[in-house]
Q: 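Structure in structure tokens, see below.
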There are 2 protein chains.
Amino acid sequence: MKDADRAKRIKNGRGTAGSRAAARRATEEAILKAAETVFAEAGFGGATMQLIADMAGLPKANLHYYFETKEALYRRVVERIFNIWLQAADVFDEAAGPAEGIGAYIDAKMEISRRHPNGSKVWASEVMHGAPVIQDYLETTLRAWTEGRAKVIRRWIAEGKMTDVDPHHLLYMLWATTQHYADFGHQIETLNGGKPLTDAQWEAAKASVKGIVLRGIGVA
Amino acid sequence: MKDADRAKRIKNGRGTAGSRAAARRATEEAILKAAETVFAEAGFGGATMQLIADMAGLPKANLHYYFETKEALYRRVVERIFNIWLQAADVFDEAAGPAEGIGAYIDAKMEISRRHPNGSKVWASEVMHGAPVIQDYLETTLRAWTEGRAKVIRRWIAEGKMTDVDPHHLLYMLWATTQHYADFGHQIETLNGGKPLTDAQWEAAKASVKGIVLRGIGVA
DNA sequence: TCTTTTTCTGACCGTATGGTCAGGTTGGGT
DNA sequence: ACCCAACCTGACCATACGGTCAGAAAAAGA
């Protein structure tokens with residue numbers, strides 16, 4: 001609702017940007033944000049356009065003005081988190097060695113789990129159901145990305161900079177451990193006495209994951 | 001369909017067990033198995049009783065004779081995988097130290113990911129959506145189990161048998177990495193050239209996970 | 001000011017869903 | 001042979017869903 005109001009303010013020329021294009025962007029953003037939440041909480045099948053509309057503060061019919069179908073809206077939500085992850089991987093390439101590269105990658109992915117838990121959940125849900133909507137991404141972008149990173153890891157191993165481990169299984173472990181804090185956040189919260197992790201606890205989580213993984217590959 | 005046929009054969013007295021109770025068990029089992037598959041593939045919201053009925057080879061109305069509601073059926077499916085996991089944790093307690101205990105626990109959980117991927121997915125889905133159905137399990141059984149295991153880990157640390165790491169974060173890592181092979185099995189399969197992991201690849205996965213984790217806690 | 005384009009919305013529609021039920025069938029107990 | 005409880009099922013129902021549409025409202029352009 002707050003988001004839709006802000007969009008309306010922008011639209012009415014009383015906001016920071018008065019242009020029509022800016023208003024459209026703002027409304028789309030409000031819808032996407034609401035959709036991310038609803039899809040994460042209810043799954044694709046359990047989510048309803050009505051719920052998304054309510055959360056975005058718009059009539060349902062208006063949703064279909066911005067996004068043709070439920071599936072199209074869903075696809076946009078999934079693409080979003082995927083691109084965020086891809087961007088986070090830049091730290092991997094710029095690193096001189098595994099301690100720095102993998103350490104920074106863990107930090108980056110943990111931070112995403114903290115700030116975009118719903119996006120992570122939507123992605124997990126999509127993959128768990130056989131990736132009916134983004135299978136092409138898996139086969140093209142993700143595969144290429146994975147092979148590229150595996151190559152880097154193999155080079156580090158060849159240079160004696162880390163223990164000889166299977167690069168793919170190492171990557172799976174990085175994805176699994178970092179995304180777990182988003183996807184299973186509710187379980188972690190319950191085991192934490194029903195309270196979300198504090199800042200200090202998030203830092204401890206990061207340190208724990210990095211500690212075990214980096215020692216596990218012989219760079220700490 | 002095969003399962004329902006077998007149930008019918010049992011019911012007709014031409015199977016291994018002719019008793020009415022056995023027939024009931026067999027039909028329930030067929031329904032639970034079908035439900036696990038459908039819930040895993042479509043999520044709770046996307047799953048339909050009709051689909052489950054078709055897969056179990058029964059008319060839809062018959063499902064409601066065995067399970068009152070969709071939610072009751074779902075709950076049984078979730079309870080199932082949870083109990084399997086609890087049982088797998090026995091190896092943890094019987095161990096003399098972390099190398100043996102945690103190593104065996106990883107093996108056991110990897111084996112479950114391989115044999116019950118659908119159950120794992122249903123559980124993941126349930127937790128991701130805020131555990132609307134099994135929240136009580138999280139707060140009672142799972143919490144007690146976790147605290148018990150954390151205590152064991154702390155003792156091992158105190159005895160100098162492993163590196164000082166936060167027991168909770170270690171457990172989360174174990175859950176995350178092992179369940180990832182079930183929950184994200186489709187992604188792993190895609191990155192494996194579209195083919196499921198072979199026996200040898202599963203062994204390599206187990207060895208990789210164990211290697212990194214055990215080195216990471218200083219017991220290898 | 002008048003026209004045109006974009007944005008917005010209440011009311012509506014066909015479909016599919018979870019669940020019900022009356023009545024039929026079967027098989028063990030006596 | 002008979003009965004009764006357990007088992008099974010086609011047909012049905014109320015509801016809620018994704019999506020459509022005619023037309024109102026608002027903004028941009030002239």
Side-chain angles (χ1 to χ4, degrees), chain A residues 1 3-15 17-31 34-35 38-39 42-77 133, chain B residues 1 3-15 17-31 34-35 38-39 42-77 133:
Chain A
M1 265 186 268
D3 288 319
D5 287 347
R6 187 171 342 126
K8 207 164 273 184
R9 217 174 307 125
I10 288 170
K11 183 179 41 192
N12 293 342
R14 279 178 276 119
S19 88
R20 222 146 172 162
R24 183 169 257 278
R25 264 196 306 273
T27 304
E28 273 181 8
E29 177 59 31
I31 294 172
V38 174
F39 282 133
F44 179 82
T48 70
M49 294 298 268
Q50 187 63 63
L51 220 64
I52 296 171
D54 290 350
M55 184 163 294
L58 292 154
K60 191 185 67 157
N62 206 348
L63 250 65
H64 286 94
Y65 179 73
Y66 284 91
F67 298 90
E68 288 259 325
T69 63
K70 185 184 180 185
E71 225 183 89
L73 174 55
Y74 174 75
R75 189 173 230 274
R76 284 283 298 273
V77 171
V133 174
Chain B
M1 264 183 266
D3 288 321
D5 287 347
R6 188 169 343 125
K8 207 164 275 186
R9 217 174 306 129
I10 289 170
K11 182 178 40 189
N12 292 342
R14 279 179 276 120
S19 88
R20 222 143 170 162
R24 183 168 254 280
R25 264 196 306 274
T27 305
E28 273 182 7
E29 176 59 32
I31 294 172
V38 173
F39 282 132
F44 179 80
T48 71
M49 294 298 267
Q50 188 62 63
L51 220 63
I52 295 171
D54 290 349
M55 185 162 294
L58 290 154
K60 191 185 68 159
N62 206 347
L63 249 65
H64 285 94
Y65 179 73
Y66 284 90
F67 298 90
E68 288 258 326
T69 63
K70 184 184 181 185
E71 225 184 89
L73 173 55
Y74 173 76
R75 188 173 231 273
R76 285 284 298 274
V77 171
V133 172

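Quick note on labels: first sequence line is chain A, next is B, and so on, each numbered from 1.
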Q: Check whether any side-chain heavy atom of Asn62(B) sits under 4.5 Å from a side-chain heavy atom of Thr27(B), and report yes or no.
A: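 No, their side chains stay 4.5 Å or more apart.
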
Q: Begin from the C-alpha positions of Tyr66(B) and Leu73(B) and carry the test side-chain contact (heavy atoms from CB on, under 4.5 Å) through to its verdict.
A: CA-CA 9 Å; Tyr66(B) 284 90; Leu73(B) 173 55; over 6 Å; no

Q: Heavy atoms from C-beta onward define the side chain here; which of dC8(C), dT17(C), dT20(D) lies closest to that of His64(A)?
A: dT20(D)

Q: With a 4.0 Å cut-off on N to O distance, would you call Glu29(B) and Arg25(B) a salt bridge?
A: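 Result for this pair is no, no salt bridge flagged.
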
Q: Expressed as a whole number of angstroms, how long is the span from Met49(B):CE to dT20(C):C1'?
A: 13 Å

Q: Taking the nucleotide of DNA chain D with the nearest heavy atom to each, does Pro59(B) or Glu71(A) sit closer to the 5' end?
A: Pro59(B)

Q: By nearest atom, which of the nucleotides dG18(D), dC8(C), dC8(D) is closest to the Tyr65(A) side chain?
A: dC8(C)

Q: Please tell me which of the listed nucleotides, dT9(C), dG18(C), dT9(D), lies nearest to the side chain of Ala61(A)?
A: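 From the listed options, dT9(C) comes nearest.
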
Q: Among the candidates dG18(D), dC7(D), dG19(C), find the nucleotide nearest to the side-chain atoms of Arg24(B).
A: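 Nearest to the side chain of Arg24(B) among the choices is dC7(D).
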
Q: Quick one: which of dG18(D), dC8(C), dG19(C) gets closest to the side chain of Tyr66(A)?
A: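 For Tyr66(A), the side-chain atoms sit closest to dC8(C).
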
Q: Looking only at N and O atoms, is any donor in the side chain of Lys70(B) or the base of dG19(C) less than 3.5 Å from an acceptor on the other one?
A: no

Q: Please compare Leu63(A) and Lys60(A) by the position of their nearest nucleotide in DNA chain C and report the one closer to 5'.
A: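 Its nearest nucleotide lies further toward 5', so the answer is Leu63(A).
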
Q: Using a 4.5 Å cut-off on heavy atoms from C-beta on, say whether the side chain of Tyr74(A) contacts that of Thr69(A).
A: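 No, side chains not in contact.
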
